[in-house]
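Notes follow the structure.
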Amino acid sequence: MKRKLPTTVSGWGALALFFVTILSLPTLFLIFRVFQPPSENWEHIREYMLQSYITDTLLLALWTGVFAVAIGTTLAWLVSAYDFPLRGTLKWALLMPLAIPPYIGAYTYHGMLNYTGVIQVTLREHFDTAVSQRYFDIMNMPGAVFIFTLFLYPYVYAITRAFFASQATSLVENARVLGSGPVRIFLRVVIPIARGAIVAGATLVVLEVLNDYGVVSYFGIQTFSTAIFQTWFAFGDLDAAIKLAGILMGIVFILLFLEKLLRGRRQFSYSNTKVSPLKPVPLKGWHKWMAVFYTGIIFTLGFFLPVAQLLYWSFLTYEDIFSNTFLALIRNSALAAGISAAGVVIIAIVIANFARMSKGWLPALTSRLTVLGYSIPGAVIAVGVISFFISMDEWLGAFYSSVGASTNLVLSTSIVMLLFAYIIRFMAVGYNSIEAGFDKIGMKFNEASRTLGMGWTETFLRVDLKMIRPAIFSGFILVFVDILKELPLTLILRPFNFETLASMAYRYASDERIQEAAPASIFIVLVSGVAMFIFHIIIEKEPN
């Protein structure tokens with residue numbers, strides 16, 4: 001006989017299922033619309049353009065993943081296994097490129113490398129050297145791979161370095177005793193046992209590439225994201241855009257399936273092995289300076305140079321840009337990110353609390369559906385959300401007329417649609433943080449509180465919620481920063497005359513007013529950097 005859940009737990013479950021159902025409806029609606037009869041535009045796209053979209057998208061994702069893995073893994077191993085000058089600083093500084101959205105990095109590097117950029121001007125005026133522009137042209141596929149790699153490798157670096165922090169030291173030490181050199185140890189021991197972490201980081205990199213619109217649009221590369229925008233806004237064909245979104249979603253699901261296979265084929269058990277952090281081996285001679293050069297050049301290219309260039313451009317244009325309009329952009333961005341991040345945290349707490357209190361397939365399915373949105377590109381989510389909201393407006397049309405509304409497009413032209421899409425897209429970020437917080441405190445304090453006579457809800461409010469505060473703050477900060485940088489959802493779903501820092505920076509850059517885009521860009525970068533620093537402090541202070 002199955003144990004009946006307490007009424008309060010059933011209430012948590014009902015609320016969790018309600019949230020998951022609402023957040024899943026746009027995706028289900030999109031899947032249903034994919035199978036509608038094709039339009040003339042879709043037939044033209046399928047016959048002449050679809051192959052190019054698939055090829056460019058896969059090539060861009062593949063090469064970015066390869067280079068990001070190469071750089072991220074080698075950097076993580078270098079700072080984990082060896083000691084060299086500035087290692088303590090570079091260990092966290094190598095994460096900073098993640099504070100720069102790739103689309104901001106793209107137009108910043110284009111501005112530095114073009115004919116009137118600082119590099120070519122310096123060569124002409126100070127070295128009397130004129131170099132062909134084709135050597136500085138990055139607005140192509142290799143240039144996009146360079147940009148994505150430079151600003152997304154921290155995903156691989158962070159996850160892999162965290163794995164190395166709890167590495168089985170004896171495995172590496174045994175390999176050294178048996179006479180293996182550093183390169184052989186890295187290739188034959190480190191890479192195999194860290195494969196799960198490497199694949200996880202690479203998957204995040206590829207998902208970010210598939211989600212991007214700013215870089216590929218600015219560089220003129222035809223991927224699924226640009227195709228969805230063009231089909232929707234240039235052709236005015238929402239049905240064809242939905243079919244493109246459906247194919248892209250299918251590619252993402254195949255990618256996630258392959259990730260599961262790659263991570264699941266081999267497993268390494270440490271049950272009989274002493275697990276402890278790696279002890280860095282001091283580097284000597286030219287080796288230590290090569291380590292400093294390699295880590296330093298990546299940090300310089302990925303953070304120092306772009307930030308320095310943005311600060312210089314901001315100094316040139318701040319008098320023209322800083323105004324009431326710019327303050328309104330800051331207010332819009334902060335409100336949209338703050339409200340959405342708060343919504344993500346609240347919903348994540350409800351679902352994660354239900355999943356830990358109840359066992360079985362339903363809580364497990366609920367948690368899986370919760371994190372699905374982050375694996376779906378923003379353009380796909382935007383198509384699903386706007387289709388869903390337009391249908392909602394059609395269904396509520398009679399109600400709008402009865403209350404004297406001047407239009408039947410109420411929800412689909414409001415900021416509610418944008419905030420709803422933000423919550424779907426970044427729910428996984430907040431949920432993973434909250435779930436980790438619940439896993440850390442376990443159920444022992446909850447059970448002790450209930451033994452003393454407290455109910456489920458009272459225990460949650462007075463015990464559990466206070467103990468997971470670091471996880472709540474961490475989740476809020478991570479979601480806030482991601483929303484602040486988000487571009488595809490913002491461009492598609494923002495209401496009329498509603499601009500954010502991200503959309504304004506992109507609009508200026510698209511109009512080749514790169515210097516005017518700098519103040520909004522540097523504000524995003526600085527806020528993201530400060531937020532990441534606060535997140536680092538929270539994690540460091542959190543008790544183990």
- Minimum-distance pair of heavy atoms, taken over all atoms of Arg425 and Gly378: NE-N, 3.9 Å
- Any donor and acceptor pair, going by atom type alone, linking the side chain of Asn353 with main-chain N or O of Ile349 inside 3.5 Å? no
- Message: Taking the side chain as everything from C-beta on, heavy atoms only, tell me whether Thr27 gets closer than 4.5 Å to Ile376.
- Response: yes
- Task: Would you confirm whether Arg494, through its side chain, and Leu418, through its main-chain N or O, come within 3.5 Å as a donor-acceptor pair?
- Result: no
- Item | Among Phe219, Tyr218, Phe136, ring-ring contact (aromatic ring centres under 6.0 Å, His included) partner for His110 | Tyr218
- Message: Using every non-hydrogen atom in the two residues, find where Ala421 and Leu489 come nearest and quote the distance to one decimal.
- Response: O-CD1, 3.8 Å
- Message: What I'd like to find out is whether the side chain of Leu305 reaches to under 4.5 Å of the side chain of Leu301, using heavy atoms alone.
- Response: yes
- Task: Decide if atom CE of Met290 counts as having more than 12 heavy atoms of other residues, nucleotides or ligands within a radius under 6.0 Å.
- Result: no
- Note: Val118 and Gln309 closest approach over all heavy atoms is CG1-OE1, 3.6 Å
- Would you say the side-chain atoms of Thr226 pair up with the backbone N or O of Thr223, donor to acceptor, closer than 3.5 Å? yes
- Please say whether more than 12 non-hydrogen atoms of neighbouring residues, nucleotides or ligands are located less than 6.0 Å from CZ in Phe146. yes
- Message: With side-chain hydrogen bond (donor to acceptor under 3.5 Å, both in side chains) as the criterion, how do Thr74 and Tyr294 come out once you've worked through the C-alpha distance, each side chain's angles and the decisive distance to 0.1 Å?
- Response: CA-CA 10 Å; Thr74 53; Tyr294 177 49; 2.7 Å; yes
- When the aromatic ring centroids of Phe303 and Phe151 are compared, is their separation below 6.0 Å? no
- Query: Yes or no on salt bridge (charged side-chain N to carboxylate O under 4.0 Å, His left out) for Arg356 and Glu435, after CA distance, side-chain angles and deciding distance?
  - Reply: CA-CA 9 Å; Arg356 74 169 183 138; Glu435 185 182 43; over 6 Å; no
- Task: Hey, can you tell me if Phe523 and Phe326 have their rings parallel, tilted or perpendicular (30° and 60° cut-offs)?
- Result: perpendicular
- Of the options Tyr155, Phe148, Phe67, Tyr153, which is the one that meets Val205 in a side-chain contact (heavy atoms from CB on, under 4.5 Å)? Tyr155
- If you look at every heavy atom in Ala76 and Tyr157, which pair is closest and at what distance? N-CD1, 3.5 Å
- Search all heavy atoms of Ile147 against all heavy atoms of Pro102 and return the closest pair with its distance. CG2-O, 3.5 Å
- Apply the test side-chain contact (heavy atoms from CB on, under 4.5 Å) to residues Leu23 and Phe420: give CA-CA distance (whole Å), side-chain angles for both, the deciding distance (0.1 Å), then the verdict. CA-CA 8 Å; Leu23 295 177; Phe420 183 69; 4.0 Å; yes
- Note on the structure: Closest non-hydrogen contact found for Arg161 with Leu95 is NH2-CD1, 4.1 Å
- Exactly one of Tyr213, Tyr422, Tyr506 clears side chain to side chain donor-acceptor pair (under 3.5 Å) with Thr490, and that residue is Tyr422
